[in-house]
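Read through the structure below, which is laid out as structure tokens, and then see the notes.
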Amino acid sequence: MALTAIKGFNDILPGESGRWHYIEEAARRVFELNGFSEIRVPVMEKTELFCRSIGDATDIVEKEMYSFTDKGDNSITLRPEGTAGVMRAYIEHKLHALDPVAKLYYLGPMFRYERPQKGRYRQFHQIGAEITGVHDPLVDAQVLNMLTAFFREIGLDEPSLQINSLGCPECRPAYRAALCSFLEARTGDLCEDCRRRLSTNPLRALDCKVPGCIQATVGAPSVLEHLCTGCDDHFSAVRSYLDLTETPYSINSRMVRGLDYYTRTTFEMVTTLLGSQSAVAAGGRYDGLIQQLGGPAIPGIGFAMGVERIALLLGQREFASLPDLFIATMGAGERNAAFKLMHGLLKAGVRVEMDYEGKSLKSQMRRADKLKACFSVVIGGNEVASGSAAFKRMSDGIVTEAPLTVAGFEAVLAQGRGISPHHLSTPVSE
RNA sequence: GUGGCCAUGGUGAAGCGGUUAACACAUACGACUGUGACUCGUACAUACGAGGGUUCAAAUCCCUCUGGCCACCCCA
């Protein structure tokens with residue numbers, strides 16, 4: 001194969017795009033119901049934006065960014081995540097002046113130079129949502145409820161919600177120090193990676209899969225026990241709001257985030273069905289980010305969902321949009337009548353297909369079958385002469401005689417109870 | 001960045017040193033000259049990821065490269 005796509009960059013083929021539409025439309029529906037508006041920002045930003053927001057010492061910034069110098073000698077980067085760009089736009093256009101409370105969502109490709117594997121690609125897609133301007137834990141709960149609602153909307157109950165609090169710049173340093181001294185006391189029991197983490201990101205050690213480390217960290221101090229009063233109250237309030245709305249969740253005090261800007265509430269929707277890629281969606285509060293990027297001191301909270309991972313969870317369900325009618329024709333003269341009928345039906349919003357190449361009736365019928373058309377009709381000399389035709393329901397072969405007109409077929413469609421004339425983005429379970 | 005496994009047609013795959021690269025599905029056309037799904041027939045890889053090497057002979061053995069998958073790291 002001479003020319004192929006870039007490693008880790010995937011084509012979404014026609015057979016798959018229906019599933020993507022299903023996910024994207026469900027997200028738009030749920031988010032807009034919750035008062036969010038879409039914001040579209042560039043896929044590239046100045047490199048500095050990501051260094052300042054995500055954190056210079058994170059893996060993303062250190063080794064995973066697609067950064068390069070453009071012809072004007074500017075260092076630019078393909079966005080590795082969405083929040084930074086959205087917040088840059090929020091500040092740049094002074095959206096906070098209009099209304100400090102903004103509810104925004106976005107979707108699109110993100111880029112990270114990682115080794116591809118199941119559920120992880122170099123170009124991947126995220127759908128994310130952000131709320132700015134509200135300190136109240138009520139919005140934390142609303143965001144979590146919306147996330148939960150989204151997964152319910154697409155018919156998945158598998159990913160489950162885990163929450164944690166990371167504290168704030170007030171209380172986190174003390175926790176970090178307590179954890180470090182705990183870990184330092186047992187460096188001997190830790191794996192090589194965790195010894196390295198001790199200096200880079202000690203919290204990660206709590207997340208390690210090596211049995212020895214799991215054992216060694218059993219009694220490790222928990223973030224939740226080191227929260228300052230403000231953070232502790234906040235977290236309790238989030239939990240009580242979730243309880244109030246009966247939103248299922250569990251607390252995972254060992255949950256770690258990869259981005260530096262998170263404060264207080266953090267969360268993930270996790271699954272065990274995707275191999276080692278357990279996080280399907282993740283996010284948290286970022287109260288310092290906007291100010292850190294040069295904006296006013298306005299808090300924020302948001303999340304991003306991995307579209308590929310959701311698509312994987314949806315599995316083999318079929319999301320095709322199927323024709324309502326396939327028109328087969330007998331001879332060249334009849335194709336005029338067929339083409340005109342198709343045109344009329346399309347204008348009326350009926351999904352119609354017809355033979356384009358004057359093939360044999362047999363092969364036209366085979367095509368009608370292959371396209372999974374609801375109905376088929378054969379237009380030959382008799383039909384043109386009589387102005388009426390036999391519409392055959394493909395599922396059971398039952399034939400209905402009706403006028404060869406738009407109204408005629410619409411009547412047939414209406415009769416076929418339970419067969420929706422509009423299949424667009426309706427999942428057809430197999 | 002590290003490790004393991006793998007690489008034959010549109011797809012799933014047989015083949016493991018020797019003349020025409022099984023089989024199945026998919027696809028196209030036909031048997032049935034106005035009706036699909038079943039059946040049957042015909043067609044469909046000078047080609048076995050790429051490049052070298054060993055051999056009289058390689059899809060089959062060796063090396064390099066490239067790609068894929070999975071895992072680590074990290075993350076959506």
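Residue numbers begin at 1 in each chain, while the letters A, B, ... track the order of the sequences. These values consider heavy atoms only, across backbone and side chains, with no hydrogens, waters or symmetry-generated copies. Note that the structure is a prediction, hence the values are computed from the model and not measured.
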* Asked: Donor-acceptor pair under 3.5 Å: do we get one between A:R120's side chain and the base of B:C73?
  ->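 Pair found.
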* Asked: Is there a donor on the side chain of A:K392 or the base of B:G36 sitting less than 3.5 Å from an acceptor on the other?
  ->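 By the distance-only test, yes, there is a pair.
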Pairwise [atom1] distance, [M] and [N] [rounded to whole Å]:
N     : M     : atom1 : answer
B:G18 : B:C62 : P     : 15 Å
B:A50 : B:C38 : C1'   : 45 Å
B:C6  : B:G49 : P     : 14 Å
B:G30 : B:A37 : P     : 13 Å
B:G34 : B:C40 : C1'   : 22 Å
B:U35 : B:C44 : C1'   : 27 Å
B:C48 : B:A7  : P     : 15 Å
B:A24 : B:U55 : P     : 40 Å

Any residue in [range] with a heavy atom nearer than 4.0 angstrom to RNA chain B? Just list them by number, or reply none.
range                       : value
residues 54-67 of chain A   : A:D59, A:E64
residues 121-128 of chain A : A:Y121, A:F124, A:Q126
residues 108-118 of chain A : A:R112, A:E114, A:R115, A:Q117, A:K118

Length of the line joining [X]:[atom1] and [N]:[atom2], which is rounded to integer Å:
X      : N     : atom1 : atom2 : value
A:M394 : B:U35 : CE    : P     : 13 Å
A:Q364 : B:G30 : CD    : P     : 11 Å
A:R196 : B:U2  : CZ    : C1'   : 12 Å
A:K7   : B:C65 : NZ    : P     : 13 Å

Quick one about [Y] and [X] (side-chain donor to acceptor, distance below 3.5 Å, no hydrogens or angles considered), yes or no?
X      : Y      : result
A:T271 : A:R309 : no
A:Q215 : A:D189 : no
A:Y241 : A:Q142 : no
A:Y286 : A:Q292 : no

Between [X] and [N], is there a side-chain N or O to OP1/OP2 distance below 4.0 Å?
X      : N     : answer
A:R366 : B:C29 : no
A:S360 : B:C29 : no
A:S363 : B:C29 : yes

Verify, without hydrogens or angle tests, whether [X] (side chain) and [Y] (backbone) share a donor-acceptor contact under 3.5 angstrom.
X      : Y      : answer
A:T132 : A:A102 : yes
A:R19  : A:A311 : yes
A:T265 : A:D140 : no
A:D11  : A:L13  : no

* Between A:R112 and A:E81, does at least one N-O distance fall below 4.0 Å, as a salt bridge requires? ->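 A salt bridge is absent here (no side-chain N lies under 4.0 Å from a carboxylate O).
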* Would you call A:E357 and A:K359 a salt bridge, using N to O less than 4.0 angstrom? ->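 Result for this pair is yes, salt bridge flagged.
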* For RNA chain B, write out the stems as range with range, using runs of 3 or more consecutive Watson-Crick or G-U pairs with both distances under 3.5 Å. =>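 For RNA chain B the paired stretches long enough to count as stems (3 pairs minimum) are B:1-7 with B:66-72, B:10-12 with B:23-25, B:27-31 with B:39-43, B:49-53 with B:61-65.
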* Between A:Y66 and A:F111, how do the two ring planes meet: parallel, tilted or perpendicular, split at 30° and 60°? ->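 Ring orientation of A:Y66 relative to A:F111: perpendicular.
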* **A:R264 to A:F235, cation-pi by 6.0 Å centre distance and 45° axis angle** =>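 Verdict for A:F235: no cation-pi partner in A:R264.
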* **cation_pi(A:R186, A:F182) dist<6.0 Å, angle<=45** =>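 Yes, a cation-pi geometry.
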* Return the nearest nucleotide to the side chain of A:A282; candidates are B:G34, B:C74, B:A76. =>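 Of B:G34, B:C74, B:A76, B:A76 is nearest to the side chain of A:A282.
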* Asked: By side-chain contact (heavy atoms from CB on, under 4.5 Å), which residues pair with A:K362, not counting sequence neighbours?
  ->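 Residues passing side-chain contact (heavy atoms from CB on, under 4.5 Å) with A:K362: A:S360, A:R366.
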* Among all residues two or more places apart in sequence or in another chain, which pass the salt bridge (charged side-chain N to carboxylate O under 4.0 Å, His left out) test with A:E192? ->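 Once residues adjacent in sequence are excluded, A:E192 has no partner under the salt bridge (charged side-chain N to carboxylate O under 4.0 Å, His left out) criterion.
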